[in-house]
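Have a look at this one.
FYI, side chains are in, hydrogens and waters are out, and symmetry mates aren't considered; it's all heavy atoms of this structure. The shown structure was predicted, so the numbers you read here are calculated from the model rather than taken from an experiment.
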Amino acid sequence: MGGGSGVIVGGLVAAARFPARPDAVPRIRRGTVARLRGWHVDPAAVEIAEQVVAELASNAVKASGPGGESVAVRLTAGEGRVLVEVWDRSELTSPRVARPGEEDESGRGLWLVEALCEDWSWYRARSGGLVVCAQLVGAIVPPPRGPDETPVPLARRVAPTRPAYPEPVYPVRFSTDPEVLARVAERLRALDDWDFDGAADVPVAVERVG
């Protein structure tokens, strides 16, 4: 994704592994909707994410073939966006948007994803396999308070005391070049391990808040 836009820093993250079978796709859809609603993501974004994850999961199952063991899904929400990533073990194909004709019954998956999302891309996972990711606008909207509810003050985060480090020998230079940031983002994503050893076959296997 251009300019490193696919990296959401400090967001809510959930991931799970599913059997690489067509009957897993409805479960992935339901799990995605449940998780994003649990995070209080904007309902319009949840509806779009449901369609997107269904298309990507269907493609992943097809790419896995009859001998495929599993596919994996990871959701990230934060910074006003939702990132949907779907992993499969395939190594042979690179995802491309097809332009189907009006009478074609298939081939619209990534075309629909491209139409619904801000951006989409794909990368090779460090542990093998291919990940297709799609980013869409979706803010986390806190639920409305009732008339008798008093707002609970938020806890303040106290910054830890940092140890003193020696000054660097060479000056530190920060880059804002979009191409450089995009390459860095792709390499960071490639560090992800999509093996999910021991992950439960449930809508949420891993969750962290940063």
Original post:
Looking at residues at least two apart in the chain, or sitting in another chain, which of them share a side-chain contact (heavy atoms from CB on, under 4.5 Å) with Asn59?
Top reply: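 If we apply the side-chain contact (heavy atoms from CB on, under 4.5 Å) test to Asn59, skipping adjacent residues, the hits are Leu110.
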
Original post:
What closest approach, in Å, do Val41 and Val46 show between heavy atoms, and which atom pair accounts for it?
Top reply: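 Closest approach of Val41 to Val46: O-CG2, 3.7 Å.
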
**OP:** Kindly indicate whether the side chain of Thr32, heavy atoms from C-beta on, has any atom under 4.5 Å from the side chain of Leu75.
**Re:**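 In short, these two side chains touch, coming nearer than 4.5 Å.
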
**OP:** Could you pull out all residues at least two apart from Ser58 that satisfy side-chain contact (heavy atoms from CB on, under 4.5 Å)?
**Re:**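 Per chain and number, Ser58 pairs via side-chain contact (heavy atoms from CB on, under 4.5 Å) with Val25.
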
Original post:
Do any N or O atoms from the side chain of Trp87 and from the backbone of Gly128 form a donor-acceptor pair under 3.5 angstrom?
Top reply: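 Yes, because the side chain of Trp87 sits within donor-acceptor range (under 3.5 Å) of the backbone of Gly128.
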
Subject >> Minimum heavy-atom distance between Ala60 and Val86, given as atom pair plus value >> reply: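 Smallest heavy-atom distance, with atoms named: CB-CG1, 3.7 Å.
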
Original post:
Given side chains that start at C-beta, do those of Arg27 and Phe18 come closer than 4.5 Å, heavy atoms only?
Top reply: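 Yes - at least one pair of side-chain heavy atoms lies under 4.5 Å apart.
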
Subject >> Sole candidate of Val137, Leu83, Leu136 that passes side chain to side chain contact (heavy atoms under 4.5 Å, CB included) when paired with Glu118 >> reply: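 One option only clears the test, and that one is Val137.
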
**OP:** Under the side-chain contact (heavy atoms from CB on, under 4.5 Å) rule, what do Tyr123 and Glu85 come out as? Steps first, then yes or no, please.
**Re:** CA-CA 10 Å; Tyr123 61 94; Glu85 298 173 277; 2.7 Å; yes

Subject >> Side-chain heavy-atom pair Val131, Asp88 within 4.5 angstrom cut-off >> reply: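 No. Closest side-chain heavy atoms not under 4.5 Å.
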
Subject >> Closest contact, heavy atoms only, Trp120 versus Val132 >> reply: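 Scanning both residues, the minimum pair turns out to be CE3-CG1, 4.0 Å.
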
**OP:** Work out which heavy atom in Val61 is nearest to a heavy atom in Pro22; give both atom names and the distance.
**Re:**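 Closest heavy-atom pair between Val61 and Pro22: CG1-N, 3.7 Å.
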
Subject >> Residue pair Glu69 / Arg89, side-chain heavy-atom distance below 4.5 Å >> reply: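 Contact flag for Glu69/Arg89 side chains = no.
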
Original post:
Are Leu112 and Ile48 connected in a single hydrophobic cluster, I mean Ile/Leu/Val/Met/Phe/Trp/Tyr linked by side-chain heavy atoms less than 4.5 Å apart?
Top reply: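 Hydrophobic grouping puts Ile48 with Leu112.
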
Subject >> Student check: side-chain heavy atoms of Leu36 and Asp42 closer than 4.5 Å >> reply: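 No, side chains not in contact.
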
Subject >> Closest non-hydrogen atom pair, Val52 against Ala134 >> reply: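 The answer is CG1-CB, 3.9 Å.
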
Original post:
If you look only at pairs with a residue in residues 43-53, which of them pass as a salt bridge (charged side-chain N to carboxylate O under 4.0 Å, His left out), with sequence neighbours excluded?
Top reply: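 Qualifying pairs, neighbours excluded: Arg29-Glu50.
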
Original post:
Under 4.5 Å between any side-chain heavy atoms of Arg124 and Leu130, yes or no?
Top reply: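 Touching, per the 4.5 Å side-chain cut-off.
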
Subject >> Inter-residue atom distance Arg17.CZ - Ile28.CD1, 0.5 Å rounding >> reply: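 With rounding to 0.5 Å, CZ (Arg17) is 12.5 Å from CD1 (Ile28).
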
Original post:
By salt bridge (Lys or Arg N to Asp or Glu O under 4.0 Å), which residues pair with Arg37, not counting sequence neighbours?
Top reply: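 With neighbours one apart ignored, the set is empty.
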
Original post:
How about Val84 and Cys133: do any of their side-chain heavy atoms sit closer than 4.5 Å?
Top reply: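 Contact flag for Val84/Cys133 side chains = no.
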
Original post:
Looking only at heavy atoms, which two atoms of Ser64 and Ser70 are closest? And how far apart?
Top reply: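 Smallest interatomic distance, heavy atoms only, reads OG-O, 4.3 Å.
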
Subject >> Side chains of Arg74 and Val13 in contact at under 4.5 Å (non-hydrogen atoms) >> reply: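 Yes; the side chains approach each other to less than 4.5 Å.
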
